[in-house]
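Data block below; observations after.
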Amino acid sequence: MSKPMRFTLKIWRQKNAQEPGHFETYEIDGISPDASFLEMLDVLNEKLIKEGKDPVAFDHDCREGICGSCGMFINGRAHGPLPNITTCRLYMRHFRDGETIVIEPFRAKPFPVIKDLVVDRSALDRIIQTGGYISVNAGSAPDANAIPIPKPVADRAFDYATCIGCGACVAACKNASAMLFTAAKVSHLALLPQGQPERRERVKKMVAQMDAEGFGHCSNTGACAVECPAKIPLTAIAQLQRDFIWANLTPDPYVR
Amino acid sequence: MAEILTAPAPTTTISWREGAPIENNKCPTGELEKRWTRHKDSLRLVAPHNKRKLEVIVVGAGLAGASAAATLGELGYQVKVFVYHNSPRRAHSIAAQGGINAAKNYRNDGDSIWRLFYDTIKGGDFRARESNVYRLAEVSVKIIDHCVAQGIPFAREYGGYLDTRSFGGAQLMRTFYARGQTGQQLLLGAYTALQRQVAQGNVQVYYNYEVVDIVVEEGRVRGIIVRNLITGELHRVAGHAVVLGTGGYGNAYYLSTNAKLSNATAIWRAHRRGAYFANPSFVQIHPTCIPQSGEYQSKLTLMSESLRNDGRVWVPRTPGDKRRPQDIPESERWYYLEEWYPSFGNLVPRDIASRAAKRVCDMGYGVGPTGRAVYLDFSDAIKRLGREVIYQRYGNLFEMYEEITGESPWETPMRIYPAVHYTMGGLWVDYNLMTNIEGLYAIGEANFSDHGANRLGASALMQGLADGYFILPYTIGDYLATQLFVKLSTDTAAFADAEKDTQKRIERILSTKGTHTVDEFHRELGKILWDHCGLARNAQGLTQAYHQIHELQERFWKEVLVPGTGQEFNQNLEKALRVADFLELAKLMVVDAYHREESCGCHLREEHQTEEGEALRNDEKYAYVAAWEWAGEKEPPTLHKEPLKFEFVKPTVRSYK
Amino acid sequence: MEAKTVSPPVGWLHTTVGRKVVMALTGLFLITFLVVHLAGNLLLLRDDGGAAFNAYAEFMSTNPFIRVLEILLFAGFVVHIYQGLYFIFRERRGRPKGYARNDASANTNIFSRTMRISALVILIFLIVHLRHFFVEHRFLGSPLTMYESCKLAFENPWYSGFYVVSMVLLAFHLAHGFYSSFQTLGLIVNRRIERVIQWAGAAFAFLVPLGFAIIPLYFLLQTF
């Protein structure tokens with residue numbers, strides 16, 4: 001239906017975590033404008049395999065924008081040239097025919113490269129481990145309607161809970177800060193009544209882990225929110241700041 | 001005991017042996033309402049100090065796997081979780097949109113555990129166990145309580161109480177939801193609960209590990225073989241029990257709404273080690289998905305079924321009409337659903353709508369670049385109700401459609417086509433969710449237990465979490481209580497064999513160095529299954545499919561081209577191992593579809609339908625679960641029938657009129 | 001990678017978030033100082049041969065209360081600069097290997113991207129400025145009045161030019177810093193407040209440096 005497109009791809013190739021990487025240039029032709037960015041890479045890989053070359057490794061899974069796997073840095077931006085989108089939902093019609101596309105892995109010290117465009121993002125899980133939950137065992141919960149939560153509060157909590165953990169915020173930030181990721185979880189739980197018992201400790205522990213992992217500091221440039229596929233607003237960061245200051249400056253009323 | 005039903009013939013004809021029927025599925029008897037409670041009370045317990053000594057392996061961290069692992073950790077067992085993702089939060093449960101059913105009756109609309117039970121069993125076209133389904137409805141209530149306590153931001157009313165909505169197959173509003181991302185929110189709840197257990201040291205999660213074999217000794221599970229996907233190393237892992245929460249096998253069709261990595265390897269390897277595979281041909285196909293736009297397409301995206309409330313489905317009356325749809329005059333449009341089903345029109349049930357779309361496309365009326373799509377037109381609704389109302393109802397879906405296709409549904413009709421969505425079949429399990437291999441459990445979509453021949457919307461999340469939070473943690477203790485003094489060892493012949501088998505398989509795939517990529521084989525397999533074991537099946541097509549798959553399988557092992565080595569991060573090798581298993585599974589799917597000479601739920605045998613195309617169930621002959629046993633690569637599978645007894649509901653004809 | 005436990009009561013100031021708070025608080029303190037300083041400086045524009053300005057300068061350098069504030073102000077500068085330098089040197093730590101292509105202009109504004117450069121220029125300006133006026137008068141006993149000192153300096157096109165350029169960069173610094181401080185203190189709780197703060201920040205970042213820059217230009221233009 002629509003005219004096939006041609007691209008020059010400059011892709012970061014790195015055999016494994018130990019070896020240094022480099023850019024390789026590939027020419028690719030006959031790409032439908034309706035193909036997704038990942039499907040374009042599929043086509044490239046099929047071609048490379050048939051030529052006896054090593055295909056490009058990249059993370060992907062659901063291909064509908066929710067699993068958070070497909071992180072890559074495309075033409076200088078996390079998840080490519082459109083704001084608030086994942087790579088799998090980026091289509092080739094958003095590029096010019098004949099364009100040179102530079103593809104790099106998400107870069108941050110806590111995100112070591114595994115191969116080519118695949119990075120290890122388990123640092124984000126370790127931040128969650130320090131407190132990104134409500135401590136409740138299965139079976140001990142009261143009736144679901146026992147605690148009413150005003151609709152605006154629930155809606156707002158949802159806005160923060162919708163983070164997909166892709167790491168684009170880290171990749172886009174000039175300091176490689178994981179602030180938006182951490183703040184999204186802190187804010188989600190801070191707004192809900194169920195999150196109150198652990199609220200003070202949670203924010204302190206999660207911030208400490210964020211630093212321990214080696215993420216950079218936040219300097220409020222807002223790049224994260226522009227690239228965030230889940231559209232987590234910057235108010236999450238304000239909420240974390242507020243909670244963090246409050247948790248550290250006010251005396252804990254429950255300490256004997 | 002085993003007798004060959006069809007004439008012994010080359011392996012390319014469909015044949016199977018009939019084995020002993022399954023007598024004991026551990027289902028309790030007596031009053032339906034008290035069965036689960038009584039059963040729980042009769043289960044053996046493990047004391048807290050002993051729980052620490054028992055190691056449980058959980059494979060997969062979707063809704064079922066993560067919730068089970070977290071809960072087992074809370075109970076004090078030593079849990080090891082293996083995921084092939086780079087984080088347990090990426091499992092495909094995350095993509096579920098609609099919601100989760102629960103018999104809370106918060107609406108005061110007369111809902112009850114009985115009604116949820118009845119709707120589910122009827123929705124499954126009376127091919128599921130009464131005891132299991134009743135238990136599912138019973139624990140559904142606790143799931144919502146627990147998820148709210150975890151901080152899941154379910155939709156609420158202005159008064160602050162939980163909101164619910166209606167969903168297909170029910171006349172009640174019992175579906176709880178969190179915008180269009182219920183699966184994500186529930187999974188993140190289970191994921192964070194899991195992370196809490198990791199922090200407490202009860203659970204260890206191994207990232208980037210794929211299960212490549214199950215180790216069984218004398219009918220008892222001893223552990224698993226995993227492949228470290230980063231380094232390629234194989235590891236032996238021993239456990240007192242193994243829980244498979246590895247999801248469904250819809251990806252056998254290549255194109256489906258499943259995530260790309262979803263695969264059947266764990267359950268298929270378990271099957272090859274002796275676990276029965278139940279109802280493999282029961283596959284749910286969803287009618288409203290965005291169609292394939294070209295050969296390069298890697299997956300299909302679901303569009304909410306609600307669109308059919310206001311959209312009209314049509315195709316041009318002239319096959320191959322190349323005009324823009326908006327230029328085709330009314331008189332030249334064929335509203336085939338309205339014509340074929342005048343009373344239900346565009347709102348016929350999922351399976352009918354799906355099958356009708358396939359029929360018109362087969363007849364050559366399909367639209368779009370591939371000819372495998374039909375129009376879903378909103379122009380009448382926009383005229384009638386105005387843009388504003390349509391925007392309120394479907395705005396986000398229109399935007400999603402436009403983002404993917406580059407076409408605006410405001411100006412041109414959407415193109416839709418059915419796609420594989422969910423597999424009701426899976427490993428056979430008893431009432432305790434244990435397979436016929438002692439100590440090997442299957443939960444969530446990986447088992448066959450609760451949905452019969454068709455799953456109702458918003459029931460998959462319910463089942464995954466029911467299994468993980470509230471069923472398995474009780475029933476597994478009954479088995480583990482017998483394993484207290486078993487010393488774990490990976491230094492056994494069974495482990496060595498399993499590891500060697502895997503090693504050989506990997507070497508064989510890598511050394512083939514053929515001419516075709518794995519995806520090429522996978523696409524071909526998908527097409528065969530879709531054409532002959534998809535929306536409608538018949539004996540001739542299934543026989544043909546069986547031949548084609550067999551041939552494809554032979555070609556695969558001769559012509560597959562996988563680059564790289566086994567000692568590195570090699571995504572194509574991973575894919576090849578999965579597709580090799582899909583090829584074997586596909587044959588069993590075809591056998592199962594062929595053997596079941598009736599139509600039920602998703603399974604429409606063209607030989608068994610009314611003149612109007614309605615499914616004709618045969619309760620006399622086929623009211624059973626077909627549990628298949630692996631008999632070897634060269635041997636036809638053995639069929640074990642588990643008869644389905646309906647003591648409390650009377651199977652009726654599902655009517656669409 | 002174990003998280004360090006943060007030791008009370010000031011340990012939290014060593015976290016990246018804590019340091020950010022220090023940066024914001026000192027930043028806001030310096031912002032208030034800018035207003036006071038500008039108010040005084042505008043006396044230079046009064047056509048009284050510097051009488052009012054000199055009186056003000058005299059008051060500022062002798063009043064004991066101001067002298068205490070002066071120490072605080074100095075401390076504010078030192079802490080703000082120290083934290084800033086810490087962040088500058090830390091910046092690369094989060095991403096040792098940079099991107100080959102980075103289209104930062106697509107998701108950030110120029111002010112936030114140039115904080116380091118603007119900070120550096122303002123620091124140089126500060127040193128020159130202090131040396132020229134503060135050190136000269138307070139410690140070296142300059143024979144000139146403060147007004148004469150200013151007039152002399154501003155009539156030099158090089159000095160005035162440097163001053164104006166520095167004020168442009170101050171404007172850049174404030175354009176991000178003003179908003180950023182409020183965000184860091186967690187005060188931007190919703191979109192509406194965000195818009196208000198952004199407007200206020202833009203106005204402040206434009207008007208205050210403009211006010212400062214007018215003064216040297218006024219003196220310079222009189223020489224023609």
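Naming convention: chains lettered A, B, ... in sequence-line order (proteins, then strands); numbering from 1 in each chain.
Between chain B and the options A:L192, A:N145, A:I66, A:V136, heavy-atom pairs under 4.5 Å are most frequent for A:N145.
Of the charged side-chain nitrogens involved, at least one lies within less than 4.0 Å of a carboxylate oxygen, so that A:K50 and B:E520 count as a salt-bridged pair. Ion pair B:K299/A:E64 flagged as a salt bridge, since at least one NZ, NE, NH1 or NH2 atom sits closer than 4.0 Å to an Asp/Glu carboxylate oxygen. With salt bridges taken as basic N to acidic carboxylate O contacts below 4.0 Å, none links A:D143 and B:K142.
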For the pair A:Y91 and B:T405, evaluate side-chain contact (heavy atoms from CB on, under 4.5 Å) and give the outcome as yes or no after the intermediate values.
CA-CA 9 Å; A:Y91 288 81; B:T405 62; over 6 Å; no
Could you walk me through whether B:Y469 and A:N137 pass the side-chain contact (heavy atoms from CB on, under 4.5 Å) test, one step at a time?
CA-CA 9 Å; B:Y469 284 132; A:N137 286 355; over 6 Å; no
Stepwise side-chain contact (heavy atoms from CB on, under 4.5 Å) test for A:N16 and B:E568:
CA-CA 8 Å; A:N16 52 42; B:E568 60 180 338; over 6 Å; no
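The side-chain heavy atoms of B:Q571 and A:P55, taken from C-beta on, include no pair separated by under 4.5 Å.
Only the side chain of B:N572 comes within less than 4.5 Å of a heavy atom in chain A; its backbone stays farther off. Using a 4.5 Å cut-off between heavy atoms, B:Q97 contacts chain A through its side chain alone, with no backbone atom that close.
Here A:Q129 contributes atom CD and B:L194 contributes atom CG; the two are 8.5 Å apart, rounded to the nearest 0.5 Å.
Taking the ring axis of B:F569 as reference, the NZ or CZ atom of A:K115 does not stay both within 45° of it and closer than 6.0 Å to the ring centre.
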